[in-house]
Asks: 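Structure provided below as structure tokens; questions to follow.
Proteins get letters first, then strands, A, B, ... in listed order; numbering begins at 1 in each. Values in this document were obtained by computation on a predicted structure and should not be read as measured data.
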Amino acid sequence: MNELVIISGKGGTGKTSLVGSLAALAENKVMVDCDVDAADLHLIMDSKLLESHEFVGGKKAEIIQKRCTSCAVCLDYCRFDAISEKNEKFEIDSLSCEGCGICRHFCPEDAIDFKPVVCGHWFISDTNHGPLVHARLGIAQSNSGRLVSHLRKKAREIADKSGHEMIITDGPPGIGCPVIASITGSDYVIIVTEPSLSAFGDMQRVHELIQHFNISCGAIINKYDINSHMTEGIEAFAEENGITVLGKMPFDKEMVAAQVAGKSIIDFKNSGLSKSIMDIWKRLQADLKRVEAKKIDLKVL
Amino acid sequence: MIKISVASGKGGTGKTTIATNLAAALSKKGKDVVYLDCDVEEPNGRIFLKPLISNISRVSVLVPRIDLDKCTFCGECAETCEFNALAVLEDNVMVFDSLCHNCGGCYHICPENAIKEVPRDIGEIQSGSSNGLKFMEGQLTIGEAQAPPVTKQLKKDMPPAEITIIDAPPGTSCPVIEAVGDTDYLILVSEPTPFGLNDLKLAVGMARELKLPFGVVINRSDLGDDLTIDYCRKEDIEILLQIPFDHKIAKAYSEGRMASDISPIYRENLYELYENIAGRIKQ
Ligand code: SF4
Ligand code: SF4
């Protein structure tokens, strides 16, 4: 089974539209949306919700007021400024609580409740292109990494059970904990970028992260014609760093039009854009084979 | 002293463009402004503001180190740790730094006093200035998982100023809360597409949860549909500004040039937007 993750570092590069389109072209796959902060893939996949589950990702502390003697011990231990005192009444701000439980350990009155909390929901949906696992992290919650790992586990279970050959993952923005949780142990990462200094800079950071985990990667340059000169720079960078450029896409209003119609670019209509994505898909398959062969070579050695 | 954060549920909507141009526009009008780049996973404000950096400081967190001579391998520390950052073996204790949330629990609980805490670098803060505008950004080291401590430190070190403009990371979870918490007003930048609207709704949910007053800037307002405007009207959300797509701006953006050099929207209209917000905050 091949686990493919598509990320971009920077948002707004067209990543999700591309994930939907690649998923439309791939046969026999499961999709996962690991952007648990702002999941959008389901909006273009004609998705029908099949299952919804609560996600319990960590604990939060709360003061049991009738036991509290206002001794202030907890205040000294909390490193996250989550505990405050007003007129001798102590309270824990659940947004700031990190869930470490140290206050509970040291409270002499046993006046702190420390319980698992629901920090989001995860779903399985049926789409026009196969099963999709996605989620919604609760607002202001902090367990995005754990939720991402959970989604990937569920997707692998579905893939194993029904003999799917590929998992296509829409990754979150940035380089922090949810991104790390999305790419560790995957087989191939695609970076979607565009020719701007910001997106290029983010691509370099994301690439360094991918190297950190020793994963093969390819790149797609969207809106390449906004700044052809910079596109050349990105291609040169890719070449130097062993990143396969899987293809380039022009700036095209069809991208937004497809989204407005609730469709992937492939399902929307035949256009120059959909053709460039089909080319990308072909090159991707060739590169996946190359990576696979390299892995086998390494094993033989 | 006014603190305004610029955020967006969805990335790539033009948040940094609004934040940098707003900060620059205010500074040009003689205001004392600090621009704070809290998008510590991908700080890009510097590309446009091109600040002269005068100070760099490291951000570190405390992680436990075990004195194996004192340790009796009782296992209490691992039991205390809610984040599985410790594993006690027969004759060793393993610490997984990247899982540690730096709570100090193990340090306080160890009955043998065998744990000390040492600082570990996870990022840095750079500060300087750009044409009279104070500039500050946080950067998470690549490979590190936790952005909030960098943001927290950044906000602690922030110099006092008449106006603070905070460029927040995308999303609605903990790194964003750390950035926009305790600010006076939140500008949500969106675009009128289904993804933009879906993510805007989440961002509005966040603003309401935090009880922060907010308004919306609709970028590339002519690409997409009318549903975002309908939504704002229905929810009684103020639309602060609408900015149509402009190829020239996209090109300038790609090269790291300020949009305000090209279009008056990013000077005059953003200044007006500020006055409108400031008037309301003072009420
Ligand atoms: S609590 Fe202290 S003595 Fe016990 S295993 Fe941990 S470090 Fe060793
Ligand atoms: S400081 Fe807290 S999070 Fe880190 S290892 Fe100790 S108990 Fe675990």
Asks: How far apart are the closest heavy atoms of B:Gly9 and A:Ala38, and which atoms are they?
Replies: O-CB, 4.1 Å
Asks: Is there side-chain contact between A:Leu197 and B:Phe48, with at least one heavy-atom pair below 4.5 Å?
Replies: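 Of all side-chain heavy-atom pairs linking B:Phe48 with A:Leu197, none is under 4.5 Å.
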Asks: Which of residues 171-181 of chain A have a heavy atom under 4.5 Å from any heavy atom of chain B?
Replies: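 So far as heavy atoms go, A:Pro173, A:Gly174, A:Ile175, A:Gly176, A:Cys177, A:Ile180 are the residues that approach chain B to under 4.5 Å.
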Asks: Which bit of A:Leu95 comes within less than 4.5 Å of chain B, counting heavy atoms only: side chain, backbone, both or neither?
Replies: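 Just the side chain, heavy atoms under 4.5 Å.
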Asks: May I have a table of the donor-acceptor pairs connecting chain A and chain B at distances under 3.5 Å?
Replies:
| from | atom 1 | to | atom 2 | distance (Å) |
| --- | --- | --- | --- | --- |
| A:Lys10 | NZ | B:Tyr253 | OH | 3.2 |
| A:Gly12 | N | B:Gly11 | O | 3.3 |
| A:Asp37 | OD1 | B:Ser173 | OG | 3.0 |
| A:Asp37 | OD2 | B:Thr172 | N | 2.8 |
| A:Asp37 | OD2 | B:Ser173 | N | 3.3 |
| A:Asp37 | OD2 | B:Ser173 | OG | 3.3 |
| A:Ala39 | O | B:Asn198 | ND2 | 2.9 |
| A:Asp40 | OD1 | B:Asn198 | ND2 | 2.8 |
| A:Arg79 | NH1 | B:Asn102 | O | 3.3 |
| A:Arg79 | NH1 | B:Glu117 | OE2 | 2.9 |
| A:Arg79 | NH2 | B:Glu117 | OE1 | 2.6 |
| A:Arg79 | NH2 | B:Glu117 | OE2 | 3.3 |
| A:Glu98 | OE2 | B:His101 | ND1 | 2.7 |
| A:Ala140 | N | B:Thr172 | O | 3.1 |
| A:Gln141 | O | B:Cys174 | N | 3.1 |
| A:Ile175 | N | B:Glu41 | OE1 | 2.7 |
| A:Gly176 | N | B:Glu41 | OE1 | 2.6 |
| A:Cys177 | N | B:Ala145 | O | 2.9 |
| A:Leu197 | N | B:Ser254 | O | 2.9 |
| A:Ser198 | OG | B:Tyr253 | OH | 3.3 |
| A:Asp202 | OD1 | B:Asn44 | ND2 | 3.4 |
| A:Asp202 | OD2 | B:Asn44 | ND2 | 3.2 |
| A:Arg205 | NE | B:Glu41 | O | 3.1 |
| A:Arg205 | NH2 | B:Glu41 | O | 3.2 |
| A:Arg205 | NH2 | B:Leu140 | O | 3.3 |
| A:Asn227 | ND2 | B:Ser254 | OG | 2.9 |
| A:Gln259 | OE1 | B:Thr193 | OG1 | 3.1 |
| A:Gln259 | OE1 | B:Phe195 | N | 3.0 |

Asks: Pick one of side chain, backbone, both or neither for A:Phe200, based on which atoms fall under 4.5 Å of a heavy atom in chain B.
Replies: neither
Asks: Pick one of side chain, backbone, both or neither for B:Ala147, based on which atoms fall under 4.5 Å of a heavy atom in chain A.
Replies: neither
Asks: With only heavy atoms counted, which part of A:Val206 is less than 4.5 Å from chain B, the side chain, the backbone, both or neither?
Replies: side chain
Asks: Where does B:Pro43 contact chain A at under 4.5 Å (heavy atoms): side chain, backbone, both or neither?
Replies: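 Side chain of B:Pro43 only, per the 4.5 Å heavy-atom cut-off to chain A.
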Asks: Would you mind telling me which of A:Ile139, A:Val256, A:Ile102 has the largest number of heavy-atom pairs within less than 4.5 Å of chain B?
Replies: A:Ile139
Asks: At a 4.5 Å cut-off on heavy atoms, which part of A:Phe80 comes close to chain B: side chain, backbone, both, or neither?
Replies: both
Asks: Heavy-atom distance under 4.5 Å to chain A: side chain of B:Ile109, backbone, both or neither?
Replies: both
Asks: Pick one of side chain, backbone, both or neither for B:Leu202, based on which atoms fall under 4.5 Å of a heavy atom in chain A.
Replies: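 B:Leu202 touches chain A through backbone and side-chain heavy atoms alike.
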Asks: Find the one option among B:Gly104, B:Cys174, B:Pro149, B:Cys103 whose heavy-atom pairs under 4.5 Å with chain A are most numerous.
Replies: B:Cys103
